[in-house]
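This structure is a prediction, so every number in the text was calculated from the model and none was measured. The first residue in the sequence is number 1, and the count goes up from there.
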Amino acid sequence: MIKITLPDGSVKEFEINSTPMDVAKSISEGFARNVISANFNGITIETSTPLTTDGSLILYTFNDNDGKKAFWHSSAHVLAQAILTFHPNAKLTIGPAIDNGFYYDIDLGDGTISDKDFSAIEKKFLEFARGKHEFKLRSISKADALAYYKEEGNQYKVELIENLTDGDITFCDHSDFTDLCRGGHVPNTGILKAIKVMSVAGAYWRGDEKNKQLTRIYGVSFPKQKMLTEYLELLEEAKKRDHRKLGKELELFTFSQKVGAGLPLWLPKGAALRGRLEDFLKKAQKKAGYEMVMTPHIGQKELYVTSGHYEKYGADSFQPIKTPKMDEEFLLKPMNCPHHCEVYNFKPHSYKDLPKRFAEFGTVYRYEQSGELHGLTRVRGFTQDDAHIFCTPEQLDQEFKDVIDLVLYVFRSLGFEDFTAQVSIRDMENPDKYIGDVNTWELAEQAIINAATDKGLDFVVEEGEAAFYGPKLDFMVKDALGRSWQLGTIQVDYNLPKRFELTYKGADNQLHQPVMIHRAPFGSMERFIAVLLEHTGGNFPLWLTPDQVILLPISDKYQIYTKKVLTLLENSEIRALVDSRSEKTGRKIRDAEVSKIPFMVIIGEKEEQDGTVSVRKHGEGDIGTFTIEEFISLIQNEVNKTLVPFGN
């Protein structure tokens, strides 16, 4: 008998050579019908793999990320099988699962695939899937694997196999199809009930533009047709909410090839919106004891050599700027933290001075590859709501918790209610990726875990996701479409204070090294606004939206009263504008709806006589007639619902 430990800690005994599916059936037949993949002692296995030793077993369904990974990887096999029926001489390369589906890179030779072929490929995919063919993994010697693909004339698989270790090579068979594969499949093809070929693109073999360009076919699949339909509807909604589309329609930002790719230009409305976000955080930071600083956009190369950023990011940054002086080089700053270390170094500090909290909306620069640029979410120049706290080790726990409170305040004020936290620690197997010694890393990691636990955060620990100088707490926010985004980060750093020789005089009259906390509730202003745009669909919280009210006089006769209303609104710090075009009121209302202006005020003869306004609300229609004072109160009350002062 073998002992199998399940995720809930329970231990069950099974006959040797029992399979994960046997374990699933022992829990319930209904559960077993949904199990599609498994993990044994940290290794992904098939549900039919015999278990021969004691160990820990995790059973996955399609609702689990690892379950989806096995489902989509299996689908990639069937997609390749389907394509080979149309292009029998094609050469297969790799077909991994990705975040939303899968792809397969194929050398089609002289053949081509376009969107006109998608329907036929999908039909053939489902035809194969309905055969309920089992996925069977088998070991093969390196010599036999090489011989198999050399006979096929597939140089891509040969290249992959040559880099593998003999004894660790497996093939996966289903139906009459065989592929080089490490494993992780659903039990049989019959589970693959719905397929959509999403797109086709070019991709260089192994991502190297010196190699041949292959055809990459993207797809997504589901265990039910209804799930595919819902997914495609979600994609359509995502297109409507695309921040690049909304940014243009709402006149928030633009890009110019003359300025440079990945360098956004903020238009007046967008700049004003950014300004309100900055003022919102500055106000909260002031209450929390932060001091604003300003630092240059460039720094001497030596600054970033000292910090370690040049070693880690130099190859991917903008190249050094040379000056007329011999051997003098500057860099566009990739991070604000080295500058803030030098701000701290301006004068000696005592333990009585700490903590020092320096904040800055500082613009940094990273040379992202052109193929990775995407609207505001991936740019080459972006502004961080950066702050660095220098504190004693004894102050670290409370300071970290206070930053968590600030991040949660930002999320609540902007309507991000669904989020989890991730404690990102070192990759224990690759210590060379990081600076500093093991002891300080352990202290920093435990400090974050303790603070997150004490604050009652729902968090997971992810190994290998730490910054090179320290572990961090990242906040993973779900938007209105259920997509997850990393927004907000807090990091503990013992290393930069050491590198910059930062000190404070302790109560013992000796010099000590402070601990440094890096934090950015927004993260990148550009990325945060992009996510906020897509989350809200451009319907920002009333306190933030560029224009809160638009006045729509039904004719020029009411311009004087309209001006009076505008003045009263502006005196109450309500952002309003007038649509004085010679258009019908219906057209003005439609245009205001498209512009997502929260309130539309109709002004005509009756409103002028009664000293009132007729009000429509975006997406709701007519909400009634109000005195100007009542309307002002309505707006102020709605703002106060979401914009509660920090600390209240």
Side-chain angles (χ1 to χ4, degrees), residues 36-37 44 46 62 65-109 111-137 149 152 154 156-157 160 170-207 213-225 227-229 231-232 235:
I36 58 177
S37 183
T44 299
E46 319 294 292
F62 188 79
N65 286 335
D66 285 286
K68 287 185 176 70
K69 185 176 180 181
F71 192 94
W72 286 333
H73 175 59
S74 304
S75 299
H77 282 285
V78 182
L79 176 71
Q81 181 188 17
I83 289 171
L84 285 179
T85 62
F86 300 104
H87 300 273
N89 296 320
K91 297 175 183 177
L92 304 180
T93 65
I94 58 171
I98 54 177
D99 288 344
N100 290 294
F102 55 92
Y103 69 78
Y104 214 114
D105 285 349
I106 303 175
D107 182 351
L108 294 173
T112 60
I113 290 177
S114 71
D115 54 3
K116 296 177 182 177
D117 304 309
F118 291 178
S119 178
I121 294 171
E122 291 162 2
K123 184 177 179 181
K124 183 60 69 173
F125 178 103
L126 293 174
E127 181 184 316
F128 285 136
R130 282 191 289 268
K132 297 184 179 180
H133 305 288
E134 290 184 19
F135 287 96
K136 297 178 180 179
L137 209 61
Y149 281 112
E152 276 201 350
N154 189 329
Y156 306 103
K157 297 288 191 182
L160 291 173
T170 51
F171 278 4
C172 180
D173 305 316
H174 79 269
S175 181
D176 60 353
F177 180 83
T178 296
D179 203 357
L180 174 69
C181 184
R182 281 185 287 189
H185 304 93
V186 299
N188 66 75
T189 61
I191 296 169
L192 314 174
K193 300 285 191 184
I195 169 73
K196 181 68 176 175
V197 178
M198 300 299 295
S199 62
V200 62
Y204 293 107
W205 169 237
R206 294 201 154 182
Q213 190 174 66
L214 308 172
T215 299
R216 175 170 293 180
I217 301 98
Y218 287 95
V220 67
S221 57
F222 292 90
K224 295 179 181 178
Q225 179 61 42
M227 296 171 74
L228 174 60
T229 301
Y231 175 77
L232 295 177
L235 287 185

Whether [X] side chain and [Y] backbone form a donor-acceptor pair below 3.5 Å:
{"X": "T189", "Y": "K132", "answer": "yes"}
{"X": "E134", "Y": "H174", "answer": "no"}
{"X": "K157", "Y": "T93", "answer": "yes"}
{"X": "K69", "Y": "A97", "answer": "no"}
{"X": "Y149", "Y": "L180", "answer": "yes"}
{"X": "W72", "Y": "S221", "answer": "yes"}
{"X": "D179", "Y": "C181", "answer": "no"}
{"X": "S74", "Y": "V186", "answer": "yes"}
{"X": "D105", "Y": "G95", "answer": "no"}

If you round to the nearest 0.5 Å, how far is [atom2] of [Y] from [atom1] of [X]?
{"X": "K91", "Y": "Y156", "atom1": "NZ", "atom2": "OH", "value": "6.5 Å"}
{"X": "L79", "Y": "I217", "atom1": "CG", "atom2": "CD1", "value": "6.0 Å"}
{"X": "E122", "Y": "E127", "atom1": "CD", "atom2": "CD", "value": "14.0 Å"}

Going by the angle between their ring planes, with limits at 30° and 60°, are H77 and F135 parallel, tilted or perpendicular?
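H77 and F135: tilted rings.
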Checking M198 against L235 for the side-chain contact (heavy atoms from CB on, under 4.5 Å) test, could you report, in this order, the C-alpha distance in whole Å, the side-chain angles of both residues, the deciding distance, and whether it holds?
CA-CA 11 Å; M198 300 299 295; L235 287 185; 3.3 Å; yes
Ring-face cation contact, F62 with K68, 6.0 Å cut, 45° max:
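Judged by the rule, K68 and F62 form a cation-pi pair.
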Crowded around R182 CZ? As in, over 12 foreign heavy atoms under 6.0 Å?
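Count not over threshold, so no.
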Check whether any side-chain heavy atom of [X] lies under 4.5 Å from a side-chain heavy atom of [Y], and answer yes or no.
{"X": "L232", "Y": "T229", "result": "no"}
{"X": "H185", "Y": "E46", "result": "yes"}
{"X": "R206", "Y": "L160", "result": "yes"}
{"X": "L126", "Y": "I195", "result": "yes"}
{"X": "V78", "Y": "H133", "result": "no"}
{"X": "Y103", "Y": "P96", "result": "yes"}
{"X": "P223", "Y": "L192", "result": "no"}
{"X": "F71", "Y": "I191", "result": "yes"}

Grab the two heavy atoms, one from S75 and one from F102, that are nearest each other, plus how far apart they are.
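Looking at all heavy atoms of both residues, the closest pair is CB-CE2, 3.4 Å.
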Could you tell me which non-hydrogen atom of A120 sits nearest to which non-hydrogen atom of F86, and how far apart they are?
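That closest heavy-atom pairing would be O-CZ, 3.7 Å.
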Check against side-chain contact (heavy atoms from CB on, under 4.5 Å), T178 and E152
CA-CA 12 Å; T178 296; E152 276 201 350; over 6 Å; no
Derivation and outcome, side-chain contact (heavy atoms from CB on, under 4.5 Å), residues K124 and I121:
CA-CA 5 Å; K124 183 60 69 173; I121 294 171; 5.9 Å; no
Option passing side chain to side chain contact (heavy atoms under 4.5 Å, CB included) with L214 (candidates D107, I106, L92, I94)
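Answer after filtering D107, I106, L92, I94: D107.
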Verify side-chain contact (heavy atoms from CB on, under 4.5 Å) between Y231 and N100, making sure each step is shown before the conclusion.
CA-CA 10 Å; Y231 175 77; N100 290 294; 3.5 Å; yes
Given the side-chain rings of F118 and F125, with only the six-membered ring counted for Trp, is the space between their centroids under 6.0 Å?
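Here the rings of F125 and F118 have centres that are no less than 6.0 Å from each other.
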